[in-house]
Each structure stands twice: as C-alpha cells, then as structure tokens.
Amino acid sequence: MRRVYLDHSATTPVRPEVLEAMLPFLKEEAFGNPSTIYSYGREAKKALDEAREKVAGLIGARPEEIVFTSGGTEADNLALIGTAMANEKKGRHIITSSIEHHAVLHTAQYLIRRGFKVTFLPVTPEGLVRVEDVEEAITDETILISVMHVNNEVGTIQPIKEIGHLARERGIVFHTDAVQSVGKIPVNVDELNVDLLSASAHKIYGPKGVGCLYIRKGTKITPILHGGGQERKRRAGTENMPGIVGFGRAAELAGQELPQEMPRLKALRDRLIKGILERIEDVQVNGDLEKRVATNANFSFRYVEGESLLLSLDMKGICASSGSACTSGSLDPSHVLLAMGIPHEVAHGSVRMTLGRGNTEADIDYVLEVMPEIVARLRAMSPLYNKK
C-alpha cells in the first residue's frame with residue numbers, strides 16, 4: 001500500500017543528517033556533562049554553544065537569548081508563568097487569543113486559578129486576531145500579551161509584528177508561540193517585535209523532547225524549574241545534549257532550505273486545495289487563504305464525521321489529523337474552529353492535512369484519487385446527507 005504522511009504539524013521524522021549529528025552524544029565518545037570542567041565537559045559545552053548559535057541564527061536572535069527546554073509546551077509555560085511571577089507587583093492582567101495551543105490556554109487557566117485575570121481575544125471567521133481588539137483589551141494592569149505566530153490547526157499567520165509594536169509602545173512583554181512558524185516561514189525576533197518566542201525541534205525534523213524559549217535581553221522572567229544553574233540560571237537541569245545538538249542541526253538545515261521549500265510546498269498545498277474543491281461538493285477550506293503558512297490545508301466536509309474520515313484515509317495509507325495532535329483523541333470539536341464561528345456539526349467533519357519535505361505531487365494526486373470515494377461512501381451512510 002502507498003503511504004502518504006500529511007501530518008507534519010503534529011510531528012516530523014528525524015532527518016538522517018540530524019540523527020548523524022546526535023549519535024556521538026548517545027555514545028561513549030561524547031557523553032560529557034557540559035557543566036563539568038574537564039575535557040569531556042568542555043567538549044560537550046562547545047557542542048552546546050554551537051547548537052545555541054544555530055538555533056539563534058534561525059530566528060535572528062543572539063545565542064545568549066536562547067534557553068533550551070524540553071519542548072514547546074515547557075517554553076510556553078516558562079513564558080507565561082515566568083513572566084507573570086516576575087511582574088505580578090506591576091499588574092496581574094494577561095491577554096491571549098481564543099485559538100492558542102492548549103500549552104498556552106491551559107497555562108492561562110492555571111494563572112487564573114492563581115488570581116491573575118486573562119482576556120481571551122476573539123478571532124475573525126478566517127481565524128485572525130484583530131490588532132484593534134488587542135489594543136482595546138489593554139489595561140493599566142496588563143503585563144503580558146501572548147499570541148501565536150501560526151495557528152497549529154488552520155495555519156493562519158497572525159499580525160505579530162503589529163501586535164508587538166503595540167505592546168512595545170505600552171511597555172508590555174510580548175510572547176509568541178512560534179512552534180508552527182519557525183522553519184516554515186521567515187522568523188526574525190527583531191522584525192516581529194517579540195520579547196519571548198517558543199520553538200520546538202520535532203516540528204522541523206529534529207528530535208522530540210527538546211525546544212527553546214527565546215528571551216530578549218533585559219526581559220524579566222522567573223524560573224519555574226529549580227535546581228542547578230544551567231541555562232544562565234533560567235532553566236535548571238542537565239541539558240539534553242543529544243536533543244540540543246539535533247535541534248541545532250535541524251535549525252541549520254531549515255534555514256538553508258527555507259527559500260526553496262516554501263514555494264514548493266505552497267504549490268503542493270494549492271494543488272491539494274484546488275483538487276478537493278473541484279472533486280467534492282459541500283466542503284470548505286478553513287482559515288485565511290492568503291495569510292496562511294504554506295504547509296497547511298484544513299477542510300470541513302459536511303455530512304461526514306471527521307474521525308471516520310481519518311480512519312478511512314488511514315486504511316488507504318494516508319495519515320492526517322482532525323486538529324492538534326494533543327487533542328486528536330477528543331470527541332469534542334476543535335476549539336479553534338468553534339472560535340472561528342464554524343458550527344459544531346461542520347467542525348466535527350474537519351480534517352487537517354499538513355505537508356512536509358518528503359511530500360510530492362504524486363502524493364497529492366493519490367489523495368485526490370481516493371478522497372472523493374471515501375467521502376461519498378461515508379455520506380451514503382449519513383442520515384443528514386440523505387435528507388439534504
């Protein structure tokens with residue numbers, strides 16, 4: 001059976017070049033702890049510094065502004081909780097959007113239980129945050145704004161530069177979850193006007209279990225992990241050297257290939273969207289068609305249950321998802337689609353297809369070949385479709 005992987009927003013395979021860079025740090029030849037002063041430790045510290053430079057280079061940051069974490073979720077937690085704790089005497093109000101990843105939304109709910117106030121901004125039907133809504137939500141108590149760069153479900157690119165400019169004018173710390181944008185579109189922390197930025201290795205063909213938080217020099221943040229003095233005393237714990245070295249190599253490769261990969265993947269995505277809309281009726285594309293990352297296509301198929309569609313695709317060797325990988329086991333419709341005003345019954349029939357470096361035109365053509373038949377079969381069993 002042909003296999004087509006279209007869930008690159010959930011995770012990506014580790015590139016051979018990345019694995020090759022990691023292997024010495026999983027073996028006896030480079031097992032040292034970078035906090036030690038003898039030769040093994042010095043060699044590890046050198047590799048740690050080099051990886052930090054590579055990750056910083058991908059987002060236009062300085063190496064000392066990169067704090068390695070266990071992934072995007074920890075980076076988001078450190079950004080929100082660390083900023084809230086460091087600034088609570090100044091104010092206790094936070095602004096975020098209603099379509100954030102749960103790593104931000106659940107952390108915001110945690111802070112609410114600790115006495116902070118959080119404003120969850122609405123979005124347009126295209127899934128975009130309005131800058132004027134951000135401005136209207138700001139109060140004298142606002143200490144942090146957190147808006148994701150690219151939405152993980154519908155791929156919309158948010159007006160981060162404009163929001164960041166507004167935050168800077170008001171003296172408010174600005175964080176963006178850039179897990180779905182780093183390595184997929186150009187990202188520069190200075191151009192985006194961000195103080196904090198989260199990224200993850202396994203979204204750019206690096207290993208799982210490692211990410212980072214960019215912390216602009218001068219930004220106050222309180223550590224949420226306590227122990228040793230690693231990462232300039234901002235994140236305790238012996239560094240995950242194999243993961244960090246892999247992250248560095250993945251970042252380096254992503255930066256080199258981005259100019260070629262972006263247009264190639266956009267062409268494939270457009271081919272997929274055009275083909276689905278031409279071949280299947282009662283289907284809509286979710287999210288803004290222009291302000292959208294090149295890898296994302298999100299569809300709602302009316303009169304079809306999303307999980308049944310995914311299982312049918314899997315039987316044909318096609319891997320896709322119904323939204324965030326962290327909630328794919330949930331029977332509830334996507335909170336992102338609901339926030340965009342999409343009705344429950346339509347949101348339940350949604351599928352996210354996200355492309356990556358291994359995908360080809362033949363993959364897209366195969367999906368377009370089997371999808372109409374699958375949708376037709378499922379609709380034939382739907383009492384709602386038969387009553388249409």
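All values below come from the heavy atoms of this structure, side chains included, with hydrogens, waters and symmetry mates left out.
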Indicate every side-chain donor-acceptor pair of residues 14-28 with a distance under 3.5 Å to a residue at least two apart or in another chain.
residue : atom : partner : partner atom : Å
R15     : NE   : E17     : OE1          : 3.4
R15     : NH1  : E257    : OE1          : 2.9
R15     : NH1  : E257    : OE2          : 3.3
R15     : NH2  : E17     : OE2          : 2.9
R15     : NH2  : E257    : OE2          : 2.9

Mind checking whether F301 and F299 have parallel, tilted or perpendicular rings, split at 30° and 60°?
tilted
When you compare the side chains of T295 and H8, does any donor N or O come within less than 3.5 Å of an acceptor on the partner?
no
Output every pair passing side chain to side chain donor-acceptor pair (under 3.5 Å) with a member in residues 79-91, not counting sequence neighbours, ordered by first then second residue.
E88-R92
Only pairs at least two apart or in different chains count here, so list each ring pair (Phe, Tyr, Trp, His ring centres under 6.0 Å) that has a residue in residues 364-383.
none
Rounded distance [0.5 Å steps], CD in Q158 versus CG in L121
10.0 Å
Does the side chain of D76 pick up a donor-acceptor pair with the side chain of S198 at under 3.5 Å?
yes
If you group Ile, Leu, Val, Met, Phe, Trp and Tyr whenever their side-chain heavy atoms sit less than 4.5 Å apart, what else falls in with Y205?
none
Under 4.0 Å between a side-chain nitrogen and a carboxylate oxygen: does that hold for R235 and E74?
yes
Salt bridge or not for R271 and E361, using N-O below 4.0 Å?
yes
I'd like to know if D49 pairs up with K54 as an ion pair, taking the criterion as any Lys NZ or Arg NE/NH1/NH2 lying under 4.0 Å from an Asp or Glu carboxylate oxygen.
no
By the ring pair (Phe, Tyr, Trp, His ring centres under 6.0 Å) test, which pairs, at least two apart or in different chains, include something from residues 28-73?
F31-Y40
Is it true that S321 and R352 share a donor-acceptor pair across their side chains at a distance under 3.5 Å?
yes
Pairs where residues 105-125 contributes a residue and the test salt bridge (Lys or Arg N to Asp or Glu O under 4.0 Å) is met, not counting sequence neighbours
none
